[in-house]
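In what follows, a structure is listed as structure tokens, so that the remarks can point back to it.
Scope of the values below: all heavy atoms of this structure, side chains included, with no hydrogens, waters or symmetry mates. Throughout, a chain's letter reflects where its sequence line sits, starting with A, and its residues are numbered from 1. The structure displayed is predicted, hence computed values, not measured ones.
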Number of protein chains: 2
Amino acid sequence: MAEVARAAGVSVMTVSYAYGQPGRVSDEARAKVREAAERLGYPGPHPGARSLRSGRTGNLGVVLGEHLTYAFDDPQATRFLSGVAQVCADHGMALTLVPVTGSPSDVDRVTEAAVDAFVVWTTADDDPVIDAISATGLPAVVHGGPRRDGLSFVAADDRAAATAVGREVFAGARRPGVLSFPLDRARLSGVTSGAPLNDALPAGSGPLPPGGIDPDASTFRVTRQRLRGYRDAWAETGGDWSQVRVAVCSTNSAREAETFAAELLTGPYACDAIAAMSDELALGVLRAATRLGLTVPGGLTLSGWDDSDAAAPAGLTTVAQSLRDQGARCARTALDHLTPADRDTEVAWHLISRTSTRRA
Amino acid sequence: MAEVARAAGVSVMTVSYAYGQPGRVSDEARAKVREAAERLGYPGPHPGARSLRSGRTGNLGVVLGEHLTYAFDDPQATRFLSGVAQVCADHGMALTLVPVTGSPSDVDRVTEAAVDAFVVWTTADDDPVIDAISATGLPAVVHGGPRRDGLSFVAADDRAAATAVGREVFAGARRPGVLSFPLDRARLSGVTSGAPLNDALPAGSGPLPPGGIDPDASTFRVTRQRLRGYRDAWAETGGDWSQVRVAVCSTNSAREAETFAAELLTGPYACDAIAAMSDELALGVLRAATRLGLTVPGGLTLSGWDDSDAAAPAGLTTVAQSLRDQGARCARTALDHLTPADRDTEVAWHLISRTSTRRA
DNA sequence: CTGTTAGCGCCTTCAT
DNA sequence: ATGAAGGCGCTAACAG
């Protein structure tokens, strides 16, 4: 900028004004500056230097609890981010995805991120990234969990929703099953209740603890609350949680779900009702059921979650919630500089009963 | 940092080293620094200031030619970005999505972006954003087009691929049709060749010029090359381009495609072969065909593009190319600081013949 | 191993 | 309407 000033025969400040507050500079001076800048190939004020002075970066940081590519690989995350992106565009803010990979150095990545605020996608209670974000002192909004003092929190009442959809899918069932998201950061996957453990799984998979799943032990708040809700629903019918088989998928993919569903749907304790934690997983169940010649809801009742595009055509009973709206709300909350610990937000959901359950 | 230094009884540089080059500082000094930082709630070196000194931001900028939310709404863009994200994660770089919205101020957004390099998703030849990126002098890689001196370029040979798939889908056809991406930034949509123009379209839509589509007039390189390729393929059968009906979609969505396909498939000049520029669009055609009671390939031959997950189950003949790999390659090229104007890269593609065409 | 010096490029403050 | 200091928070490059 100094060079441009010299070339234009004006002071540095005039150049700065010419860019930052064009109205405060004479047309003549501005023209000289533009000309000199053009000639020297000056690309305009350096964004980094500018942000050092102003204290603003113009970036909203988004942290995926999982891995950076997760943002584009999981349909739920994608919809959420679409909402975040919309708000960013409205505010002229860039959207910076922090490159977490699951390694301990993720904490450094967070600390080094040049952003004005954070939005955090569902992660585990013991994820150190949450502490790192908290330590930055920047405004931050956590979606889905964990809850933390000083960080805002946006989520649906997953437990109540799970109870509602559980009533629907478990009505009249004798052998209920649940297809669950990972329980904790270890992301172990497998099937409970004596079913053979699945070995052919991606790295990081391993056997589940025998003897069933304790909802309270899950460190992902969303998973925990949904398991509790399903348990509540089954308890209402007079059933016991230990009767409910649980398969845990390590990813939100129909392919993995199909494999586990095949296990849940065969053998001496074959399920006749499955509550899945996403439509994606439910679709995998549907494929497995079709291959096994099971009719829905005659031979199997099934529920999903999210009311994705594929849910309606598939006749899937599901919990409708707009991840896109939730993303938008998170971004807005983060950018509005709401004072930390501002009141948390509970978002809306509603049950959609379709033909995959019997009470519709 | 100065405060921390004072509180720890050391110099500012010792604090700086304690964070940036821990090995260069005695354990004792480091402990004092950590303690003081903890006590004062010092969150670590300010990323902006650090990057001002070092000249690196740790951000890879990605510009979507369209709109920021496009990144998460279009499956093709999503796959591409997944590849970009993977490389970013490997390099510990953050991925910054520049908030373009289609307005003229997008140029400012680009200029203000604090990034070390740019990756640009397919845009039009006359998009001013390209000039703005070029003016920053930063390394930049353009995917799909336009080509520009000083910017690297990654794309498949779309024309050759379109010719190959065109031969397949137009074989034995009497009334060929094409379902195209937008021709230019105006994104007008509609159907050519005497068919009624579709008015019920999103904002920004309008009538197409009568008398057919001139491939050379499209300012999107990808669209232009594919149209030329389809024209070449039809010409090989002795046909004339003016016989080919073209429907232009303003978005890459099955829903819009279904509407236009219904037009292409009815009336006195109903098509018996349709080449679509994406699997997404082809799937829309398939839905329209099903509703009209047409069999594929008996009553209609059909081709897509990309070999997305849905292509194989649908039996869709298509052009396979890995958008994810292309995203990764773009990111790698951008981050390797390849000198601008480094050799352009042509990426691989291959034809997959399935049951939606007759030559399989 | 630690400290000193000198800015990175810009913009806020206060003159002129 | 323009210009001269000074400093945002940090770190390369040198001493000691």
Side-chain angles (χ1 to χ4, degrees), chain A residues 1-37 40-59 108-116 135-138, chain B residues 1-37 40-59 108-116 135-138:
Chain A
M1 187 180 255
E3 282 184 47
V4 176
R6 209 173 320 120
V10 297
S11 83
V12 185
M13 277 324 297
T14 305
V15 178
S16 177
Y17 288 141
Y19 283 98
Q21 309 168 48
R24 201 174 149 174
V25 130
S26 69
D27 290 357
E28 183 193 8
R30 194 159 4 130
K32 280 194 293 190
V33 170
R34 292 288 176 194
E35 187 278 327
L40 273 61
Y42 174 71
H46 182 120
R50 161 182 290 211
S51 94
L52 178 58
R53 282 294 318 181
S54 66
R56 287 188 63 261
T57 67
N59 290 155
D108 298 329
R109 298 284 101 73
V110 167
T111 309
E112 289 164 8
V115 301
D116 296 327
T136 65
L138 262 26
Chain B
M1 187 181 254
E3 282 183 47
V4 175
R6 210 173 321 120
V10 297
S11 83
V12 185
M13 273 324 293
T14 306
V15 179
S16 176
Y17 287 141
Y19 283 98
Q21 307 169 48
R24 202 174 149 176
V25 132
S26 70
D27 290 354
E28 183 193 8
R30 195 159 3 130
K32 280 194 293 190
V33 170
R34 292 288 176 191
E35 187 278 327
L40 273 60
Y42 175 71
H46 182 120
R50 160 181 288 206
S51 94
L52 178 58
R53 259 324 299 203
S54 65
R56 285 186 65 260
T57 67
N59 291 154
D108 298 329
R109 298 284 102 75
V110 166
T111 309
E112 289 164 8
V115 301
D116 296 327
T136 65
L138 262 26

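In this structure, A/Met13 reaches the bases: a heavy-atom distance under 4.0 Å links it to at least one base atom across the strands shown. Within the nucleic acid shown, A/Val12 has no heavy atom closer than 4.0 Å to any nucleic acid atom. Heavy atoms of A/Tyr19 sit nowhere under 4.0 angstrom from any nucleic acid atom. Backbone-only contact: B/Gly44 has heavy atoms under 4.0 Å from sugar-phosphate atoms and none from a base. Among the protein residues, B/Ala2 comes within range of no part of the nucleic acid, since none of its heavy atoms lies under 4.0 Å from any strand.
Between the C1' atom of D/dG9 and the OH atom of B/Tyr42 lies a distance of 8 Å, rounded to the nearest Å. For A/Arg24 and D/dG3, the CZ to C1' distance is 11 Å, given to the nearest whole Å. Atom CZ in A/Arg53 sits about 9 Å away from atom P in D/dG9, given to the nearest Å. D/dG9 atom P lies 16 Å from atom CZ of A/Arg56, rounded to whole Å. We find that CG of A/Leu52 is positioned 9 Å from P of D/dC10, with the value rounded to whole Å.
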Exercise. Take B/Thr111 and B/Thr136 through the test side-chain contact (heavy atoms from CB on, under 4.5 Å) and record every step on the way to the result.
Key: CA-CA 7 Å; B/Thr111 309; B/Thr136 65; 5.5 Å; no
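Side-chain contact check for A/Tyr42 versus A/Met1: some heavy-atom pair is nearer than 4.5 Å. Within the 4.5 Å cutoff, no side-chain heavy atoms of B/Val12 are placed close to those of B/Val4.
In this model, the phosphate group of D/dT11 is not approached by any side-chain N or O of B/Ser54 to a distance below 4.0 Å at OP1 or OP2. Of the side-chain N and O atoms in A/Ser26, one or more sit less than 4.0 angstrom from OP1 or OP2 of D/dT2.
Judged by the 6.0 Å and 45° rule, A/Arg34 forms a cation-pi pair with A/Tyr19.
Looking only at atom types and distance, the side chain of B/Ser51 has no donor-acceptor partner in the side chain of B/Ser54 under 3.5 Å away.
The base of D/dG9 lies outside donor-acceptor range of the side chain of B/Arg50, with no N or O pair under 3.5 Å.
In this structure, CZ in B/Arg24 is found 9.5 Å from OG in B/Ser16, a value given to the nearest 0.5 Å. Between the OG1 atom in A/Thr57 and the CZ atom in A/Arg50 there is a gap of 12.5 Å [rounded to 0.5 Å]. Atom NE2 of A/His46 is separated from atom CD of B/Glu112 by 13.0 Å, given to the nearest 0.5 angstrom.
On the nucleic acid side, DNA chain C has its first and last nucleotide under 4.0 Å of a heavy atom of chain B at C/dC1 to C/dG9, going 5' to 3'.
Formation of a donor-acceptor pair under 3.5 Å by the B/Asp116 side chain with backbone atoms of B/Arg56 is not found in this model.
Comparing the local axis fitted to the first five base pairs of the helix from C/dC1-D/dG16 to C/dT16-D/dA1 with the one fitted to its last five gives a bend of 30°, rounded to 10°.
Between B/Thr14 and B/Ala49, the residue whose closest nucleotide on DNA chain C is further toward the 5' end is B/Thr14.
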